[in-house]
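Here is how names work: the chains are called A, B, and so on, in the same order as the sequence lines, proteins then strands, and each is numbered from 1. Not measured: the values here are computed from a predicted model.
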Number of protein chains: 2
Amino acid sequence: MNLESVDTEQLSLKKTLDIVCGKWRLYIVYQLGTEARRYGELRRMIPEVSEKVLVQELKSLVELGMVEKTIYGEVPPRVEYSLTRKALEILPTLRKLTAIGEVFLEP
Amino acid sequence: MNLESVDTEQLSLKKTLDIVCGKWRLYIVYQLGTEARRYGELRRMIPEVSEKVLVQELKSLVELGMVEKTIYGEVPPRVEYSLTRKALEILPTLRKLTAIGEVFLEP
DNA sequence: CGCGGTACTTACTTTTTAGTAGGTAGCGCA
DNA sequence: TGCGCTACCTACTAAAAAGTAAGTACCGCG
């Protein structure tokens, strides 16, 4: 094991944590799935999350390269969010993450 | 309104996040691996983490059912930490998590 | 002319997490 | 007698994340 591979592994871990950590982040990704969703649509799908946090999380997901934002110059305004190619690539893995918690759920 | 009361999938997701989230949590689990490690040994393996946070994280991991703490009534004191059966069960999955971040590392 | 719907933004408070810098107690060793 | 080693604990501060509540701007409809 050389220094490069150690460094890459720690970088990958950090990036992984950026993607999965956050009370609502993964849940929003799950809701997006393979569809493009409008902002209001997402809001109604996850009414427990505040608008501030939803907007903030969507912005972070865009910055992380997980989500694409499309603004249609229409009136009334239309904004759609969808998972990027890379996000779709890891979506099956992300969906399997609940298996980790399942092992620890008390019966 | 909380996630806990909804369904098993959301409960599993919450538990998963408890296990993987935290700047040092997964890293400590990786370092433990299949071995039993003494407190001071872990401290030297991860010198970047402060003692306060290391103790705190180990306590959380014990509460989560991820780690077993064994105190040997010796002098000088000896305390060993090791992954539980359940933790060992999910360890391969936890190690594969870096694959998520790898997809997003800029080349 | 106000109402509801579009998609946000802003200011502020609370809660959680992480980091800094010290202290504790028992024992072996020089 | 004081130092280092064991495995912690405590008080405090700083930073990050999450929650609350309100405001913004535009438009069609009645």
About how many Å separate CD1 of B/Ile19 and NZ of B/Lys86, when rounded to the nearest 0.5 Å?
9.5 Å
By salt bridge (charged side-chain N to carboxylate O under 4.0 Å, His left out) - contacts of A/Lys14 (at least two apart)
A/Asp18
Can you see which heavy atom on A/Cys21 is nearest to which on B/Gly22, and at what distance?
SG-N, 4.5 Å
Nearest-Å distance for atom pair CG/P, residues B/Leu54 and C/dA21
18 Å
Round to a whole Å and report the spacing from CG of A/Leu58 to C1' of C/dA7.
11 Å
Taking 4.0 Å as the cut-off, does a side-chain nitrogen or oxygen of A/Lys59 come that near to OP1 or OP2 on C/dA7?
no
With sequence neighbours excluded, tell me which residues meet side-chain contact (heavy atoms from CB on, under 4.5 Å) with A/Ser60.
A/Arg25
Using C1' atoms of five pairs at each end, report the bend of the helix from C/dC1-D/dG30 to C/dA30-D/dT1 rounded to 10 degrees.
30°
Could you go through B/Thr84 and B/Val67, starting from their C-alpha distance and side-chain angles, then the distance that decides it, and tell me whether this counts as side chain to side chain contact (heavy atoms under 4.5 Å, CB included)?
CA-CA 5 Å; B/Thr84 60; B/Val67 165; 5.6 Å; no
What side-chain hydrogen bond (donor to acceptor under 3.5 Å, both in side chains) pairs are there with at least one residue in residues 30-39 of chain B, not counting sequence neighbours?
B/Arg37-B/Glu41, B/Tyr39-B/Glu51
For a quick check of understanding: with a heavy-atom distance under 4.0 Å over all strands, which category does B/Tyr81 fall into, base, sugar-phosphate or nothing?
sugar-phosphate
Mind checking if B/Glu51 touches a base, just sugar-phosphate, or nothing, with heavy atoms under 4.0 Å?
base
Between the protein and nucleotides 24-30 of chain D, are there any N/O to N/O pairs under 3.5 Å, and if so, what are the atom names and distances?
none

Which atoms form the tightest heavy-atom contact between B/Ile28 and B/Leu54, and what is the distance?
CD1-CD1, 3.8 Å
For residues 68-76 of chain B, run the donor-acceptor check on the side chains, cut-off 3.5 Å, and write out each pair with its distance to 0.1 Å, sequence neighbours left out.
| from | atom 1 | to | atom 2 | distance (Å) |
| --- | --- | --- | --- | --- |
| B/Tyr72 | OH | B/Glu80 | OE1 | 3.4 |
| B/Glu74 | OE1 | B/Arg78 | NE | 3.2 |
| B/Glu74 | OE2 | B/Arg78 | NH2 | 3.1 |

Under 3.5 Å, sequence neighbours excluded: what are the donor-acceptor pairs made by side chains of residues 89-105 of chain A?
| from | atom 1 | to | atom 2 | distance (Å) |
| --- | --- | --- | --- | --- |
| A/Glu89 | OE1 | A/Arg85 | NH1 | 2.8 |
| A/Thr98 | OG1 | A/Arg95 | O | 3.4 |

Hey, what are the protein-to-nucleotides 12-19 of chain C N/O distances that come in under 3.5 Å?
| from | atom 1 | to | atom 2 | distance (Å) |
| --- | --- | --- | --- | --- |
| C/dA18 | OP1 | B/Lys23 | N | 2.7 |
| C/dA18 | N7 | B/Lys52 | NZ | 3.3 |
| C/dG19 | OP1 | B/Lys23 | NZ | 2.8 |
| C/dG19 | OP2 | B/Trp24 | NE1 | 3.0 |
| C/dG19 | N7 | B/Lys52 | NZ | 3.0 |
| C/dG19 | O6 | B/Lys52 | NZ | 2.6 |

Check the distance between C/dA25's P and B/Glu74's CD and give it to me in whole angstrom.
22 Å
Residues two or more places apart in sequence or in another chain: which of them pass salt bridge (charged side-chain N to carboxylate O under 4.0 Å, His left out) with A/Arg44?
none
Looking at residues 34-44 of chain A, who's got a heavy atom less than 4.0 Å off DNA chain D?
none
